[in-house]
Amino acid sequence: MIVLRAYKTELDLNNVQKTACAHHTGAARWAYNWGLARKMEAYQNGEKVPTAIDLHRELNVLKKGELSWMYTISKCAPQEALRNLDQAYAHFFRRVKQKKAGRKIQAGFPKFKSKKNGLGSFRLTGAIHIYDRVIQLPRLGRLRLKERGYLPVEGVHILSATVSERAGHWFVSVQVERDIPDPEATYQPVVGVDLGILALATVSDGTRIENPRALKRDLRKIKRLQRVVSRRQKGSANREKAVKQLARVHLRIANVRKNALHQVTSLLARTKSAVVLEDLNVSGMVKNHHLAQAIADVGFYEFRRQMVYKGRWNGCQVILADPFYPSSKRCSECGHIKVEMNLSERVYICDHCGWKIDRDLNAAINLEQLATGSSPEIYACGESVSPGFQAVLVEAVTEQQSICV
Ligand SMILES: [Zn+2]
């Protein structure tokens, strides 16, 4: 089975290399914004909207004149940025279609890129070589890696490399094609997994995976730094300093959480034959301003993404529950559904049969029962209280989703 994988690791750059990389991100951003403006202009004038190929050709002409500074930069950087722009357009039109079909989403026209959220990234293709502690990229030459031995040196076909900056750190993500053995069919348990704020994940077999401890401390830090930023005067050096500090903590949280998620998803993919997850209510999510919840929501997407591709490698299916399935309000013992269940209620107590169980574990068991069909209401209560809910198998995995970082 050929799989696409990406390996991301931190670069150890000297000042000359940092400047060169910053120039490349600048060129990529410039090309993206210029291309977006050209596309919008053509559309308004009723002309044919230029594609990435048209724009690249135009850019090559400009390079001979006013854009001669671009000669110091790998031609891939602007070229790939224009490709990204075409992708952004394609995604926009797909969402417009979905919106017309009645889905509650925002179409979100592509935005101009700014340096506000860091320098951004650029992608290079062509002659890329990986050595033990160095990666060699076109134009940029040999760049040192902070961690040796993580990037695959052998047995892969390298497609591209993306260099990005975040909170002052530089990273490279290498996209490769790799041939891995097909997973064998095994008989392993099916479990439901509830993802939450207090516990990172609760598995229906009773396993509870706690959030990394650093998370709580970092959340407090973020709240404090956000207040600092809002108190500083706009455009001042002190505000910029505080913004940078805040970005560093955000990056730390993202890394800590991602690492924890990787451990859980790897374990589940290897030891279970199917994992049932709640489908997230997207429109409800956008309205949520609670910081811990917002981070948990981001974690949900990351969890699902990792679960899907790791599941594919290990023969573990990912099943999504019907978004209306009341996994937290339903009693896993008798199937009774509560009218209301507050977020602060940590223990589920059934009004019908008196069953007492941890809230998250109850939800996880409900998810498992949805997929295995072992709903208790069939034999316990007589009256079917949660009919018609469906578990949806996630099978149409697109290439994008299957990429691992
Ligand atoms: Zn009950």
Side-chain angles (χ1 to χ4, degrees), residues 187-211 261 264-265 267-269 271-285 287-288 290 292-293 295-297 299-301 303-304 307 311 316-394:
Y187 295 95
Q188 288 176 320
V190 174
V191 290
V193 179
D194 179 72
L195 300 168
I197 313 172
L198 286 181
L200 178 68
T202 308
V203 187
S204 57
D205 62 11
T207 317
R208 188 180 152 99
I209 295 138
E210 297 296 333
N211 263 313
L261 287 172
V264 187
T265 51
L267 180 76
L268 290 171
T271 57
K272 311 288 180 244
S273 67
V275 168
V276 192
L277 303 173
E278 210 174 353
D279 201 355
L280 206 64
N281 174 2
V282 179
S283 53
M285 204 183 91
K287 283 186 212 124
N288 204 322
H290 197 266
Q293 182 63 51
I295 285 168
D297 288 344
F300 175 87
Y301 279 108
F303 186 95
R304 188 166 95 181
M307 215 47 245
C316 168
Q317 282 177 325
V318 179
I319 298 166
L320 290 183
D322 189 319
F324 295 104
Y325 182 60
S327 59
S328 57
K329 287 183 190 164
R330 179 179 178 277
C331 170
S332 57
E333 193 63 18
C334 74
H336 175 75
I337 296 172
K338 276 197 180 202
V339 184
E340 204 160 21
M341 178 84 187
N342 247 319
L343 250 178
S344 56
E345 292 175 53
R346 296 313 311 162
V347 177
Y348 184 96
I349 303 167
C350 180
D351 314 326
H352 191 260
C353 72
W355 181 242
K356 236 171 129 178
I357 182 171
D358 173 76
R359 173 207 179 91
D360 298 337
L361 183 58
N362 182 55
I365 296 173
N366 278 327
L367 289 167
E368 182 197 316
Q369 287 173 352
L370 182 66
T372 53
S374 60
S375 296
E377 63 263 31
I378 298 166
Y379 54 84
C381 281
E383 44 177 332
S384 179
V385 272
S386 52
F389 290 112
Q390 279 181 1
V392 184
L393 198 64
V394 185

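Side-chain atoms are counted along with the backbone in the values below, which use heavy atoms only and exclude waters and symmetry mates. Ligands are counted one by one from 1 in listed order, and the atoms in each one are counted from 1 as well.
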Validation row: [X], [Y] side chains within 4.5 angstrom (heavy atoms):
{"X": "Arg208", "Y": "Asp358", "answer": "yes"}
{"X": "Val339", "Y": "Lys329", "answer": "no"}
{"X": "Leu367", "Y": "Val193", "answer": "no"}
{"X": "Lys272", "Y": "Asp205", "answer": "yes"}

Inset, instruction - Could you tell me whether any N, O or S atom belonging to His352 is less than 2.8 Å from the Zn ion (ligand 1)? - result: no

Inset, instruction - Taking both backbone and side-chain atoms into account, decide whether Cys331 has an N/O/S atom under 2.8 Å from the Zn ion (ligand 1). - result: yes

Inset, instruction - Work out the angle at the Zn ion (ligand 1) between SG of Cys353 and SG of Cys350, rounded to 10°. - result: 110°

